[in-house]
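Here is the structure we will look at.
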Amino acid sequence: MQISWACFGIGLVILIVGFVMFFGGLHVFFRSWKRMPEEERKKIRIKPLCRNIGGVIALCGVIVLVAAFWPYFLDKMFSWFMIAWFILAAVDLVWISKSSRYIDRPDKK
């Protein structure tokens with residue numbers, strides 16, 4: 001079995017970043033989050049948002065890791081899976097911006 005070490009390294013890093021984001025440990029390092037006023041931060045349901053974004057990032061890591069261990073996938077299907085992932089990520093981004101799921105509404109508690 002031939003392993004693509006470049007895909008393995010990149011995929012592992014992407015997967016780890018996705019998991020860290022999924023469990024809510026990465027957004028605190030973003031400059032935009034640090035600069036955001038406290039009253040604006042309170043309006044955002046950050047845990048579900050981090051889970052959504054972390055899941056999408058982790059999915060990309062899984063695709064790249066599969067490419068690392070399966071040469072046929074890397075040669076024939078990787079590009080199509082990445083195109084599908086980009087479309088999924090774009091649809092998810094639009095859904096995040098249009099949805100009220102990540103807006104904290106005190107009247108709903």
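FYI, side chains are in, hydrogens and waters are out, and symmetry mates aren't considered; it's all heavy atoms of this structure.
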In this structure, are over 12 heavy atoms from other groups packed under 6.0 Å from Tyr102 atom OH? yes

How long is the gap from CG on Leu88 to CE on Met82, to the nearest 0.5 Å? 11.0 Å

Nearest heavy atoms of Val17 and Leu26, plus distance in Å: CG1-CD2, 3.8 Å

On a heavy-atom basis, which atom in His27 and which in Met21 lie closest, and how many Å separate them? N-SD, 4.2 Å

Examine Trp5 and Phe69 and state if one hydrophobic cluster contains both, with Ile, Leu, Val, Met, Phe, Trp and Tyr joined whenever side-chain heavy atoms are less than 4.5 Å apart. yes

Do you reckon Ile14 sits in the same ILVMFWY cluster as Leu93, going by side-chain contacts under 4.5 Å, direct or chained? no

If you group Ile, Leu, Val, Met, Phe, Trp and Tyr by side-chain heavy-atom gaps below 4.5 Å, do Phe30 and Leu49 land in one group? yes

Carefully, step by step, assess Val66 and Met77 under the rule side-chain contact (heavy atoms from CB on, under 4.5 Å). CA-CA 11 Å; Val66 168; Met77 296 184 284; over 6 Å; no

Gap separating the SG atom of Cys60 from the CG atom of Leu65, nearest 0.5 angstrom: 9.5 Å

List the steps, then state whether salt bridge (Lys or Arg N to Asp or Glu O under 4.0 Å) holds for Lys43 with Glu40. CA-CA 5 Å; Lys43 293 179 184 177; Glu40 289 296 317; 3.3 Å; yes

Ile46 reachable from Phe29 in the ILVMFWY side-chain graph, under 4.5 Å edges: yes

Output, in order, the C-alpha distance, side-chain angles, deciding distance and verdict of side-chain contact (heavy atoms from CB on, under 4.5 Å) for Trp33 and Ile44. CA-CA 11 Å; Trp33 182 257; Ile44 300 171; 4.0 Å; yes

For Pro71 versus Gln2, what's the shortest heavy-atom pair and its separation? CG-O, 3.9 Å

Return the orientation label for the Phe73 and Trp70 ring planes: parallel under 30°, perpendicular over 60°, tilted otherwise. parallel

Rounded to the nearest 0.5 Å, the CG atom of Leu74 sits from the SG atom of Cys7 at a distance of 5.0 Å

Closer than 3.5 angstrom, by distance alone: can the side chain of Trp85 be matched with the main-chain N or O of Ile57 as a donor-acceptor pair? no

Arg41 bridged to Glu38 by N-O distance under 4.0 Å: yes

When hydrophobic residues are tied together by side-chain contacts of less than 4.5 Å, even through go-betweens, does Phe86 share a cluster with Val91? no

